[in-house]
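Step one of this worksheet: look at the structure below.
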There are 2 protein chains.
Amino acid sequence: MDAYKYIKEAIIHGKYEPGMRLGEESLAKELKLSRTPIREAIKQLESEGLVTPLKRGVSVRHFTREDIQQIYDLRTLLEGYAASQAALHRTDEDIQKMKEANSRYEEAIERYKEADLNSIKEIVNFNQQFHEAIISACKNPHIYFHLSKVVVVPLVFRSFYWYDEFELKRSLEVHKTILSAIQNQDSERARVAMTEHIYQGSDQVLAHLEEIKKIHVLKEDTHD
Amino acid sequence: MDAYKYIKEAIIHGKYEPGMRLGEESLAKELKLSRTPIREAIKQLESEGLVTPLKRGVSVRHFTREDIQQIYDLRTLLEGYAASQAALHRTDEDIQKMKEANSRYEEAIERYKEADLNSIKEIVNFNQQFHEAIISACKNPHIYFHLSKVVVVPLVFRSFYWYDEFELKRSLEVHKTILSAIQNQDSERARVAMTEHIYQGSDQVLAHLEEIKKIHVLKEDTHD
DNA sequence: AATTAACGCTTTGTATACAAAAGGTCAATG
DNA sequence: CATTGACCTTTTGTATACAAAGCGTTAATT
């Protein structure tokens with residue numbers, strides 16, 4: 001498998017935790033490759049900011065609460081803009097793709113209610129599909145280029161796993177609002193709805209971050 | 001010298017022209033290095049979008065008129081936001097840095113009037129310093145991360161070389177407007193002024209692009 | 001003369017070997 | 001007992017060697 005993709009996935013899915021040092025030799029052994037392709041993969045990840053350089057080698061980047069907040073601010077700006085432009089430039093095919101993603105999203109929520117835990121992965125996917133359909137509809141590939149690097153933050157990617165049914169449904173409703181604004185070529189409404197949508201996601205992630213912190217503190221208290 | 005920096009500079013300054021194939025062996029010989037560090041540099045440039053992958057190897061990316069337009073749209077969005085945030089979060093030191101950059105900019109224009117062609121390099125530098133001071137003042141390092149990859153497009157970097165005295169002075173005046181808005185913590189004015197400033201830059205670059213295209217057509221007409 | 005197949009050359013992808021630098025350990029000394 | 005310095009180990013940085021994949025050219029056949 002491609003070293004870059006493998007390591008990136010491993011970081012996003014939390015296999016390699018923040019702060020963990022990534023040694024070339026151990027990665028090479030794990031992927032059954034030589035150090036050369038590993039080094040190239042690491043260089044790419046470094047220029048994307050997913051790993052941070054140490055005095056020697058790199059470690060998985062730790063994103064602070066402030067980072068998350070700032071990244072969400074950026075995402076709000078970029079995706080809000082993307083939505084407004086999508087409203088102006090969308091084709092019928094673009095609309096079709098958004099509707100498709102939303103239907104699948106809705107179906108996955110139904111399966112989720114039946115306690116199908118595997119459906120979460122699909123929910124994540126179809127959510128991403130919807131957002132990508134909008135970014136694609138705005139007809140500015142450079143936006144996509146940057147957003148793909150903004151969104152890929154480990155915590156954010158896993159945020160859906162602590163959404164409850166109500167939150168998933170509310171999220172779907174907002175998707176529908178955004179979709180109809182884009183369909184009606186109402187660019188300002190599309191922007192505002194998308195902006196609000198992402199702020200809601202931000203609230204979720206930040207609240208969850210607080211929960212984790214509390215648990216951490218409790219754990220440390222129990223240390224003999 | 002560091003291979004990454006060297007190649008990047010060479011692309012920005014036009015030594016390696018768009019479409020030109022970058023062979024590992026030839027770069028290695030030019031930089032008196034082995035292929036290994038060259039490959040790593042190329043991988044980084046690839047993930048930044050400055051070179052595009054071929055079936056074999058990479059070539060210097062060609063930016064179309066549409067690319068330039070889209071990139072400027074992005075830059076408008078990001079730097080406009082940065083200016084508005086800078087108005088809210090700037091410290092006295094931030095203001096000081098902006099004033100400093102502007103003074104130097106002004107001095108360089110004076111030298112430019114005296115036909116000191118070397119001053120253009122300084123103008124480019126001090127302009128960049130001013131913009132960076134603002135981005136730094138907005139207190140969101142992630143913005144900087146992305147802007148540093150948006151702005152670095154060969155054509156854009158060289159745009160100052162075809163500015164005339166009037167345009168340089170007008171640019172300086174807008175800088176002053178932006179600066180005072182930020183100083184007065186007028187975030188909306190800061191955003192609008194910055195947005196307009198960058199649109200003006202965009203107009204310049206696009207107009208120049210048309211000129212170049214005309215010359216190109218003329219050249220091709222004279223081909224036997 | 002045109003088309004295709006095969007050969008060889010060029011260039012990238014991967015592995016490995018070697019050089020250099022950083023970090024840790026242990027002992028000696030104040 | 002703490003601190004510093006020398007040595008040793010580990011890991012990265014660079015070079016080179018080898019494998020594989022494209023690309024072009026040439027020659028043979030129709």
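Throughout, protein chains are lettered first and strands after them, A, B, ... in sequence-line order, and every chain is numbered starting at 1. Predicted model only: the values in this text are computed from it and were never measured.
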Give a yes/no verdict on a cation-pi contact between B:K149 and B:F145, requiring under 6.0 Å between NZ or CZ and the six-membered ring centre and an angle within 45° of the axis.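 So B:K149 does make the cation-pi contact.
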Residue whose closest nucleotide on DNA chain C lies nearer the 5' end, A:L33 versus A:K55: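 Looking at DNA chain C, the more 5' nearest nucleotide goes with A:L33.
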Residue closer to the 5' end of DNA chain C, A:R56 versus B:G23 (nearest nucleotide):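 This one resolves to B:G23.
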As a test of reading the structure: which of [options] is closest to the side chain of [X], going by heavy atoms?
X: B:E25; options: D:dT11, C:dT12, D:dT14; result: C:dT12
X: A:S34; options: D:dG13, C:dT12, C:dT14; result: C:dT14
X: B:R35; options: C:dG13, C:dT16, D:dT11; result: C:dG13
X: A:T36; options: D:dC23, C:dT12, C:dA15; result: C:dA15

Inspect the contact between B:K97 and B:E100 and indicate whether a charged nitrogen and a carboxylate oxygen are less than 4.0 angstrom apart.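 Looking at B:K97 together with B:E100, the answer is no, because their closest N to O distance does not fall below 4.0 Å.
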Indicate whether OP1 or OP2 belonging to C:dT12 is found under 4.0 Å from a side-chain N or O atom of B:R21.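 Yes.
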State whether A:R39 places a side-chain N or O below 4.0 Å from either non-bridging phosphate oxygen (OP1 or OP2) of D:dG13.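 Checking D:dG13 against A:R39, a side-chain N or O does come within under 4.0 Å of OP1 or OP2.
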Quick one: [X] [atom1] to [N] [atom2], roughly how many Å, whole number?
X: B:E40; N: D:dT12; atom1: CD; atom2: P; value: 12 Å
X: A:L27; N: C:dT14; atom1: CG; atom2: P; value: 15 Å
X: B:Y4; N: D:dG13; atom1: OH; atom2: C1'; value: 19 Å
X: B:I38; N: D:dA15; atom1: CD1; atom2: C1'; value: 12 Å
X: A:L22; N: D:dT12; atom1: CG; atom2: P; value: 10 Å
X: B:K29; N: C:dT12; atom1: NZ; atom2: P; value: 13 Å
X: B:L54; N: C:dG13; atom1: CG; atom2: P; value: 11 Å
X: A:L31; N: C:dA15; atom1: CG; atom2: C1'; value: 15 Å

Would one find more than 12 heavy atoms of other residues, nucleotides or ligands at under 6.0 Å from atom CD of A:E167?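 Yes, because the 6.0 Å sphere around CD of A:E167 holds more than 12 heavy atoms from other groups.
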For this output row, return yes or no: ring centroids of B:H131 and B:H197 closer than 6.0 angstrom.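 Here the rings of B:H197 and B:H131 have centres that are less than 6.0 Å from each other.
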Stepwise side chain to side chain donor-acceptor pair (under 3.5 Å) check, B:S47 with A:Y4: CA-CA 11 Å; B:S47 89; A:Y4 168 74; over 6 Å; no
